[in-house]
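The next block holds one structure in the form of structure tokens; read it before the comments.
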Amino acid sequence: MYDPTVARLTYRALLGRRRALILGALPLLLIAISIVVRALAGADDQTASDLLGGLALATMVPIIGVIAGTGAIGPEIDDGSVVYLLSKPVKRPTIIFTKLIVAIAVTMVFSALPTLIAGYILNGNGQQIAVAYTVAALVASIAYAAIFLLLGTVSRHAVVFGLVYALVWEALFGSLVSGARTLSVQQWALAVAQKVSGGDMVTSDVALPTATVLLAVVTVLATWYAGQKLRSLTLAGEE
């Protein structure tokens with residue numbers, strides 16, 4: 001289910017000079033803001049939770065997920081180079097699964113690691129806040145990568161749709177409409193973070209069992225459907 005050649009090509013595409021600069025901008029901004037906040041306000045648990053929840057988990061993680069998930073396959077479909085990949089004796093589900101693993105790894109590195117660093121800068125992991133939000137970023141990275149990889153497979157405007165979902169649905173509707181929070185990757189990840197923290201600094205509107213099931217179902221279904229769409233793309237090209 002994992003092809004090293006496909007993985008190498010995908011890593012090279014995602015970590016090219018221009019895309020790497022984009023991926024690194026938000027993590028650097030998060031760390032810089034954390035340093036300034038710590039210098040001005042000192043170590044404060046509530047401030048740390050608000051910053052990690054509002055900037056890291058709600059903004060940085062989904063945007064990086066959009067860049068990594070759609071970038072893992074979208075450009076190849078847009079410029080037609082995917083035809084070369086599909087001509088190789090590699091199963092279509094293997095291509096999707098390999099690209100998903102790469103997208104997850106890139107999203108985790110550029111989101112979870114900076115979240116952990118920022119958390120320790122802000123309050124030294126008081127009340128397990130840094131670790132809790134890092135775990136949330138890791139969990140969210142998996143679901144976001146699967147969702148945005150699917151978008152990259154089915155649409156030429158995947159980046160736009162991904163940003164709409166991340167910034168409008170989750171950030172805007174998720175904060176205003178209570179029902180929308182149940183269908184939010186961010187809230188699912190927060191449910192896991194709440195369990196890790198064990199306190200009241202990290203909260204979620206979704207129960208942990210529900211969040212765990214939804215994370216698994218969305219990731220599996222998105223990966224499966226992306227494989228099906230890639231298969232149909234191959235058949236269309238052959239016809």
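With S141 contributing its side chain and I104 its backbone, the two residues share no donor-acceptor pair below 3.5 Å. Here the side chain of N125 pairs no donor or acceptor atom with the backbone of Y120 at under 3.5 angstrom. Looking at S155, its side chain never comes within 3.5 Å of a backbone N or O of L151 through a donor-acceptor pair. A donor-acceptor pair is defined here as one N or O able to donate and one able to accept, closer than 3.5 Å; no such pair exists between the side chain of D45 and the backbone of I129. Looking only at distances, no side-chain donor or acceptor of W188 sits under 3.5 Å from a matching main-chain atom of A143. Side-chain N or O atoms of R92 include one that pairs as donor or acceptor with a backbone N or O of V90 at under 3.5 Å.
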Take T203 and L190 through the side-chain contact (heavy atoms from CB on, under 4.5 Å) test and state the conclusion after the steps. CA-CA 6 Å; T203 60; L190 281 172; over 6 Å; no
Set out, in order, the CA-CA distance, both residues' side-chain angles and the distance that settles side-chain contact (heavy atoms from CB on, under 4.5 Å) for L15 and L23, then state yes or no. CA-CA 9 Å; L15 299 178; L23 285 169; 4.2 Å; yes
side-chain contact (heavy atoms from CB on, under 4.5 Å) evaluation trace for Y11 with V106: CA-CA 8 Å; Y11 275 119; V106 171; 4.0 Å; yes
For side-chain contact (heavy atoms from CB on, under 4.5 Å), just list the numbers for E76 and K99, CA-CA rounded to whole Å, side-chain angles, deciding distance to a tenth of an Å, and then say yes or no. CA-CA 12 Å; E76 292 177 314; K99 288 182 174 294; 2.7 Å; yes
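Residues T134 and L113 form no side-chain contact, since every pair of their non-hydrogen atoms from C-beta on lies 4.5 Å or further apart. Y165 is listed as a side-chain neighbour of V185, based on a closest heavy-atom distance under 4.5 Å. Contact of the T223 side chain with the I96 side chain is registered, since non-hydrogen atoms from C-beta on lie closer than 4.5 Å. Two residues are said to be in side-chain contact when any heavy atoms from C-beta on lie closer than 4.5 Å; T94 and T98 meet this criterion. Taking the side chain as every heavy atom from C-beta outward, I101 and Y2 approach each other to under 4.5 Å. Two residues are said to be in side-chain contact when any heavy atoms from C-beta on lie closer than 4.5 Å; K195 and S204 fail this criterion.
Counting only residues at least two apart or on different chains, the ring pair (Phe, Tyr, Trp, His ring centres under 6.0 Å) pairs with a member in residues 134-163 are Y144-F148.
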Distance-only donor-acceptor hits, side chain of residues 211-221, under 3.5 Å, sequence neighbours excluded:
{"unit_1": "T212", "atom_1": "OG1", "unit_2": "L208", "atom_2": "O", "d": "2.9"}
{"unit_1": "T219", "atom_1": "OG1", "unit_2": "L215", "atom_2": "O", "d": "2.7"}

Show me the donor-acceptor pairs within less than 3.5 Å that the side chains of residues 55-69 make with the rest of the protein, sequence neighbours left out.
{"unit_1": "T59", "atom_1": "OG1", "unit_2": "G54", "atom_2": "O", "d": "3.2"}

N/O donor to acceptor pairs below 3.5 angstrom from side-chain atoms of residues 29-43, sequence neighbours left out:
{"unit_1": "S34", "atom_1": "OG", "unit_2": "L30", "atom_2": "O", "d": "2.8"}
{"unit_1": "R38", "atom_1": "NH1", "unit_2": "I121", "atom_2": "O", "d": "2.7"}

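Annotation: the span from Q187 atom CD to Q194 atom CD amounts to 10.0 Å, rounded to 0.5 Å. Remark: L100 CG to T107 OG1 distance equals 9.0 Å, nearest 0.5 Å. Taking CG of L14 as the start and CZ of F110 as the end, the distance is 9.5 Å to the nearest 0.5 Å. In this structure, OG1 on T10 lies 10.0 Å from CZ on R8, to the nearest 0.5 angstrom. If you take OG1 on T5 and CD1 on I95, they are separated by 11.0 Å, rounding to the nearest 0.5 Å.
For D44, the side-chain contact (heavy atoms from CB on, under 4.5 Å) partners at least two apart in sequence or on another chain are Q46, T47. Annotation: ring-ring contact (aromatic ring centres under 6.0 Å, His included) contacts of Y133 (sequence neighbours excluded): none.
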